[in-house]
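Here's the structure we're looking at; comments come further down.
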Amino acid sequence: MQKKKKRKEREVVIGKQDVMGRLFVAPPVILFLMFTLIPMIMAIGMSFTKYDVINPPTFAGLDNFRKLLRDEFFWIAMKNTCVYTLLYVPLGLLLSLGAALFLNAEQKFVGLFRTLFYLPVLSSTVATATLWFWILNPQMGLLNGILKIFGVPNQAWLYDSRLAMISIVMMSLWAGFGGNMMIFLAGLKGIPTAYYEAARIEGASRWQMFLKITMPSITKTTFLVSTMLIIGTFQVFDQAYVLTKGGPGNATITLVYYIYNSGFKNLNMGYASSMSLVLFVIILLMTLLNTKINQADI
């Protein structure tokens, strides 16, 4: 009898825990369904329609995708996004890893530097882009003022098609490396100090310890950061929107920026949805490729 009673009590407790667990999980699941999954399904369906927001959508089959293949501006946006990715991802990895290695050392004012490096992450992208708009000002900008000390003439950072994308990359690196730095720092803290002590006894140099101990130990961390960077670069929008409006001469128009223009300015939601679907496939393929490469390294 006592065993049956205890079993029933245990079942009641487990049942209450199960209900409470479902209640705690319910809000994020509902939000995910409302603002992510359902809109994604609607966008996929809308990509096969002609829809201008004003009139009801009409089925268009693959017309949007055929138009996309012939769209010159789409391929310009694709090229710009790829250039941004090729510049930002390796530089972002190097900068965040270098900062993490610097802050991982037991030195004075490390806590202060951690705070200063992480502060830009807490600011909104729009606020950061506005700040960099003044830093890159061709007449009164801080960057040109520093370069003038070294005899470099003023550069039209945001108004020169050769420098505009580099300007956006610089701003993005400054604004985003702090978050990735903290991820790398967590990975570095997880490496046992005994590995380094044994290497020092064997006479290994700092470079050898970095190549043979540090890098193999943070392979999974590097994979996480690189994947996040790749996904983020293909979704870049705020920087180009605030700093350059896609100019000069479409030099900084990105895929997401072009999708925004097509959907909300030209009211061509069906075409914008088809580009969104293509962008989703590209990000998925890039993530899978990055996973394959990192698994080979592991």
Side-chain angles (χ1 to χ4, degrees), residues 82-123 125 128-129 131-132 135-136 142-143 146-147 149-150 152 157 163 165-200 203-236 238-239 286-287 289-291 293-294 296-298:
C82 291
V83 169
Y84 178 84
T85 301
L86 291 173
L87 290 173
Y88 181 71
V89 172
L91 291 174
L93 282 171
L94 290 173
L95 184 60
S96 53
L97 178 57
L101 290 169
F102 168 71
L103 296 178
N104 191 44
E106 295 297 332
Q107 298 178 7
K108 291 183 179 180
F109 308 113
V110 167
L112 175 62
F113 281 112
R114 287 179 187 174
T115 304
L116 292 176
F117 288 166
Y118 192 72
L119 275 177
V121 181
L122 303 177
S123 304
T125 308
T128 305
L131 172 65
W132 272 82
I135 292 175
L136 298 172
L142 176 63
L143 184 56
I146 294 173
L147 293 176
I149 298 174
F150 301 96
V152 180
W157 294 101
L163 299 174
M165 184 59 74
I166 296 174
S167 302
I168 291 178
V169 170
M170 287 192 297
M171 175 254 158
S172 301
L173 288 171
W174 180 84
F177 87 96
N180 298 321
M181 174 200 71
M182 297 302 290
I183 297 174
F184 271 124
L185 191 58
L188 293 173
K189 292 294 184 184
I191 304 174
T193 56
Y195 293 171
Y196 294 103
E197 292 172 359
R200 289 191 192 96
S205 64
R206 287 188 177 183
W207 180 245
Q208 288 174 325
M209 287 190 286
F210 174 75
L211 290 179
K212 301 297 183 180
I213 299 175
T214 304
M215 288 307 298
S217 299
I218 60 171
T219 302
K220 293 182 179 179
T221 306
T222 306
F223 165 67
L224 172 64
V225 173
S226 61
T227 302
M228 291 171 58
L229 287 174
I230 291 170
I231 293 173
T233 53
F234 274 93
Q235 294 177 332
V236 62
D238 296 358
Q239 297 91 323
M286 292 297 293
T287 303
L289 178 62
N290 189 43
T291 303
I293 293 172
N294 280 275
D297 292 339
I298 293 172

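Nothing here was measured: the structure is a model prediction, and the numbers come from that model.
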* Are side-chain heavy atoms of W157 and I135 found at a separation under 4.5 Å? -> no
* To do: Determine whether W174 and L131 make a side-chain contact, defined as any pair of heavy atoms from C-beta on separated by less than 4.5 Å.
  => yes
* Asked: Is Y196 atom OH crowded by more than 12 heavy atoms from other residues, nucleotides or ligands, each under 6.0 Å away?
  -> yes
* Asked: Got more than 12 heavy atoms from elsewhere within 6.0 Å of CZ, F210?
  -> yes
* **Pairwise distance OG1(T85) to CD1(I231) - rounded to 0.5 angstrom** => 11.5 Å
* Contact summary for V121 and G179, nearest pair of heavy atoms -> CG2-N, 3.3 Å
* To do: Give the intermediate values and the outcome of side chain to side chain contact (heavy atoms under 4.5 Å, CB included) for residues T214 and L101.
  => CA-CA 10 Å; T214 304; L101 290 169; 4.2 Å; yes
* Pairing residues for S172 by the side-chain hydrogen bond (donor to acceptor under 3.5 Å, both in side chains) criterion, not counting sequence neighbours -> Y84, Q239
* Worked verdict on I168 versus Y88 for side chain to side chain contact (heavy atoms under 4.5 Å, CB included) -> CA-CA 9 Å; I168 291 178; Y88 181 71; over 6 Å; no
* To the nearest 0.5 angstrom, please state how far the CZ atom of F184 sits from the CG atom of L224. => 8.5 Å
* Asked: Which value, rounded to the nearest 0.5 Å, describes the distance between N180 atom CG and T221 atom OG1?
  -> 11.5 Å
* Asked: I191 and I213: which non-hydrogen atoms are nearest, and at how many Å?
  -> CG2-CG2, 4.2 Å
* **Candidate pair L86 and V83, rule side chain to side chain contact (heavy atoms under 4.5 Å, CB included), full reasoning** => CA-CA 5 Å; L86 291 173; V83 169; 5.7 Å; no
* Structure fact -> d(M286 CE, T291 OG1) to nearest 0.5 Å is 11.0 Å
* With sequence neighbours excluded, residues passing side-chain hydrogen bond (donor to acceptor under 3.5 Å, both in side chains) with T128 -> none
* What class does the angle between the rings of F102 and F117 fall in, given that below 30° is parallel, 30 to 60° is tilted and above 60° is perpendicular? -> tilted
* Mind checking the CG-CG spacing from L173 to L91? Nearest 0.5 Å is all I need. => 5.5 Å
* More than 12 heavy atoms of other residues, nucleotides or ligands under 6.0 Å from CZ of F223: is that the case? -> yes
* To do: For side chain to side chain contact (heavy atoms under 4.5 Å, CB included), just list the numbers for L136 and M170, CA-CA rounded to whole Å, side-chain angles, deciding distance to a tenth of an Å, and then say yes or no.
  => CA-CA 10 Å; L136 298 172; M170 287 192 297; 4.1 Å; yes
* **Distance, nearest 0.5 Å, that separates CE of M181 from CZ of R114** => 8.0 Å
* Considering only heavy atoms from C-beta outward, does the side chain of M215 approach that of L97 to under 4.5 Å? -> yes
